[in-house]
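The structure displayed is predicted, hence computed values, not measured ones.
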Amino acid sequence: MENLTSISEFFLLGLSEQPEQQEVLFGLFLSMYLITVVGNLLIILAHLHTPMYFLLANLSLTDACFVSTTVPKMLTNIWIQSLVISYAGCRSQLYFFMLFVMLEAFLLAVMAYDRYVTICHPLHYIMVMSPGHCVLLVSACWIMNALHSLLHTLLMNSLSFCADQEIPHFFCDINPLLSLSYTDPFINQLVIFTIRGLAGLVFVLSLIISYAYILCVHFLNNPEDPLSSGQAESLFDLQLSSLCGLPILWDFLLCLFQSPLNPLSTERHGCLSDVHGGDSNTESLYLQYAEQRHQVFHEKTNLG
């Protein structure tokens, strides 16, 4: 049995082992990565000093960092035809990936609260969403998710791994690493299950309550014909454009953190390389598609 602290490297099997597909994958992911990063940088550099754009700038920064955590390493491995990632690099990638994927969900919830205050309490907006309060909300999101990611990363130190160090993925995700564990990762999976439930409850309730109040205020202010006004059209466009990417993000979060609470049922002591969570090709394209969808509705909702 080989302890995690003695492991010097892992091998990322990537998206495809077919040489003829490498150039296609490299061009595809490079173009999508550049579009995502450049689009988000343009939003960050807009320098619009309002609470909404401050939140949007942080969300755009999170999007850019999110894809920059995994895609550049994948592109580098394809270019130099190497599968190796160091132990320290794998832990760093795991930490930052979990940080930014959860941070995006929390920032979306804060933006929903911002829209709620804008529409339901416009006279108090300047006071409620003051620069100090905005910084406090965003800082709380960063700190909570940094501690959450640190917890999962430190818990990985308690695991031991068999000789097979091949990760059937293009980055160091938590489920493939748990699947390579020779020891029982029940504590790790219990923490994942608990945090997923609490975070999901906060995330979903904040969105439902915020948008429910927004719709109620609109219908109360337009009791005679609430669906025919221009304000209604713009309001529903705002709601739909804001919510269109959320099912993708939340499905991805469930896919990321979903794991059984009975690790021994998957013959973990046999060091099987099957990874819970599905095919890596599908998941990687799903990741890029989610980023593109988020980029589209951010620009339409806030810069259009």
Peer 1: Quick one: are the ring centres of F66 and F97 less than 6.0 Å apart?
Peer 2: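 Yes - the distance between ring centres of F66 and F97 falls below the 6.0 Å cut-off.
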Peer 1: For the backbone of L155 and the side chain of S158, can you confirm whether one donor and one acceptor N or O come within less than 3.5 Å of each other?
Peer 2: yes
Peer 1: Testing the basics here: between M52 and Y125, what is the closest heavy-atom pair and its distance to 0.1 Å?
Peer 2: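 In this case the closest contact between M52 and Y125 is N-OH, 3.9 Å.
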Peer 1: I'd like to check V117 versus P51 (side-chain heavy atoms, cut-off strictly below 4.5 Å). Are they in contact?
Peer 2: no
Peer 1: Taking side chain as C-beta onward, heavy atoms only, is L12 less than 4.5 Å from M74?
Peer 2: no
Peer 1: Working to the nearest 0.5 Å, report the span between CG of L207 and CE of M111.
Peer 2: 11.0 Å
Peer 1: Just how far is it from atom CG of L83 to atom CD1 of I78, taken to the nearest 0.5 Å?
Peer 2: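 Reported value, rounded in 0.5 Å steps: 10.5 Å.
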Peer 1: Rounded to the nearest 0.5 Å, what separation is found between the NE2 atom of H148 and the CG atom of L99?
Peer 2: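 Interatomic distance, H148 NE2 to L99 CG, rounded to 0.5 Å: 9.5 Å.
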Peer 1: Taking a hydrophobic cluster as the set of Ile, Leu, Val, Met, Phe, Trp and Tyr residues connected by side-chain heavy atoms closer than 4.5 Å, whether directly or through intermediates, do I126 and Y116 fall within one such cluster?
Peer 2: no
Peer 1: Under a 3.5 Å distance rule, please check whether Q93 uses its side chain to pair with a backbone N or O of F171 as donor and acceptor.
Peer 2: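 Not a single qualifying donor-acceptor pair exists.
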Peer 1: Between L94 and I174, is a side-chain contact (heavy atoms from CB on, under 4.5 Å) present by the stated rule, with each step listed?
Peer 2: CA-CA 7 Å; L94 175 66; I174 190 168; 3.8 Å; yes
Peer 1: Should R91 and L154 count as side-chain neighbours, where that means a heavy-atom distance under 4.5 Å?
Peer 2: yes
Peer 1: What's the shortest heavy-atom distance between S68 and V37, and which atoms?
Peer 2: OG-CG2, 4.2 Å
Peer 1: Side-chain contact test, heavy atoms from C-beta onward, threshold under 4.5 Å: evaluate it for Y113 versus V128 and give yes or no.
Peer 2: yes
Peer 1: Run the numbers on M156 and L178 for side-chain contact (heavy atoms from CB on, under 4.5 Å), then give the verdict.
Peer 2: CA-CA 8 Å; M156 297 299 295; L178 291 181; 4.2 Å; yes
Peer 1: Applying side-chain contact (heavy atoms from CB on, under 4.5 Å), run through L61 and N40 and close with a yes or a no.
Peer 2: CA-CA 7 Å; L61 176 63; N40 282 296; over 6 Å; no
Peer 1: Is the F26 ring parallel, tilted or perpendicular to the W79 ring (thresholds 30°, 60°)?
Peer 2: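 F26 vs W79 ring planes: tilted.
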Peer 1: Quick one: OG1 on T118 to NE2 on H124, what's the gap to the nearest 0.5 Å?
Peer 2: 13.5 Å
Peer 1: Closer than 3.5 angstrom, by distance alone: can the side chain of T194 be matched with the main-chain N or O of V191 as a donor-acceptor pair?
Peer 2: no
Peer 1: Do V24 and Y33 share a hydrophobic cluster, counting only Ile, Leu, Val, Met, Phe, Trp and Tyr and linking them when any side-chain heavy atoms are less than 4.5 Å apart?
Peer 2: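 In one cluster with V24: Y33, no.
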Peer 1: So which heavy atom on S149 is nearest to which on T153, and how close?
Peer 2: O-OG1, 2.8 Å
Peer 1: Report yes or no: does E166 contribute a side-chain atom to a donor-acceptor pair with the main-chain N or O of F11 at less than 3.5 Å?
Peer 2: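 Side chain of E166 to backbone of F11, a donor-acceptor pair under 3.5 Å: no, none is there.
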Peer 1: Atom SG of C141 and atom CE of M102: how far apart are they, to the nearest 0.5 Å?
Peer 2: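 So the gap between those two atoms works out to 10.5 Å.
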Peer 1: Do Y95 and H152 pair up side chain to side chain, a donor and an acceptor below 3.5 Å, judged on atom types alone?
Peer 2: no
Peer 1: Out of L103, L107, I44, which one pairs with N58 under the side chain to side chain contact (heavy atoms under 4.5 Å, CB included) rule?
Peer 2: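 Of L103, L107, I44, side chain to side chain contact (heavy atoms under 4.5 Å, CB included) with N58 is met by L107 alone.
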Peer 1: Looking only at heavy atoms, what is the nearest atom pair of A112 and S210, with distance?
Peer 2: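 In this case the closest contact between A112 and S210 is O-CB, 3.6 Å.
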Peer 1: Give the minimum heavy-atom separation between L159 and D184, together with the two atoms involved.
Peer 2: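 The answer is CD2-O, 4.4 Å.
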Peer 1: Take the angle between the ring planes of F170 and F29 and call it parallel below 30°, perpendicular above 60°, tilted in between.
Peer 2: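 Geometry flag for F29 against F170: tilted rings.
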Peer 1: Verify the neighbour count for atom CG of L150: are there more than 12 heavy atoms of other residues, nucleotides or ligands below 6.0 Å?
Peer 2: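 Enclosed.
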Peer 1: Decide side-chain contact (heavy atoms from CB on, under 4.5 Å) for F10 and L177; before the verdict, give the C-alpha distance in whole Å, the side-chain angles of both, and the deciding distance to 0.1 Å.
Peer 2: CA-CA 10 Å; F10 290 97; L177 288 174; 4.2 Å; yes
Peer 1: Report whether L41 and L34 are members of the same hydrophobic cluster (ILVMFWY, side-chain heavy atoms less than 4.5 Å apart, transitive linking).
Peer 2: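 Linked, L41 and L34 end up in one cluster.
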Peer 1: Do the rings of F96 and F100 sit parallel, tilted or perpendicular, given the 30° and 60° boundaries?
Peer 2: parallel
Peer 1: With a 4.5 Å limit on heavy-atom distance, are the side chains of D173 and P176 in contact?
Peer 2: yes
Peer 1: Would you say the side chain of F54 lies within less than 4.5 Å of the side chain of V138, judging by non-hydrogen atoms?
Peer 2: yes
Peer 1: Mind checking whether L59 and L136 sit in one hydrophobic cluster, side chains of I, L, V, M, F, W, Y counted as touching below 4.5 Å?
Peer 2: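 In one cluster: no.
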Peer 1: Looking only at heavy atoms, what is the nearest atom pair of S86 and G89, with distance?
Peer 2: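 Looks like OG-N, 3.0 Å.
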Peer 1: How long is the span from the CG atom in N77 to the NZ atom in K73, to the nearest 0.5 Å?
Peer 2: 4.5 Å
Peer 1: Are V204 and V202 joined in one hydrophobic group, where the rule is that I, L, V, M, F, W and Y side chains link up if heavy atoms are under 4.5 Å apart?
Peer 2: no
Peer 1: I'd like to know if the side chain of T36 reaches the main chain of M32, judged simply by a donor and an acceptor atom lying under 3.5 Å from each other, with no hydrogens or angles considered.
Peer 2: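 Flag set: sc T36 to bb M32 pair under 3.5 Å.
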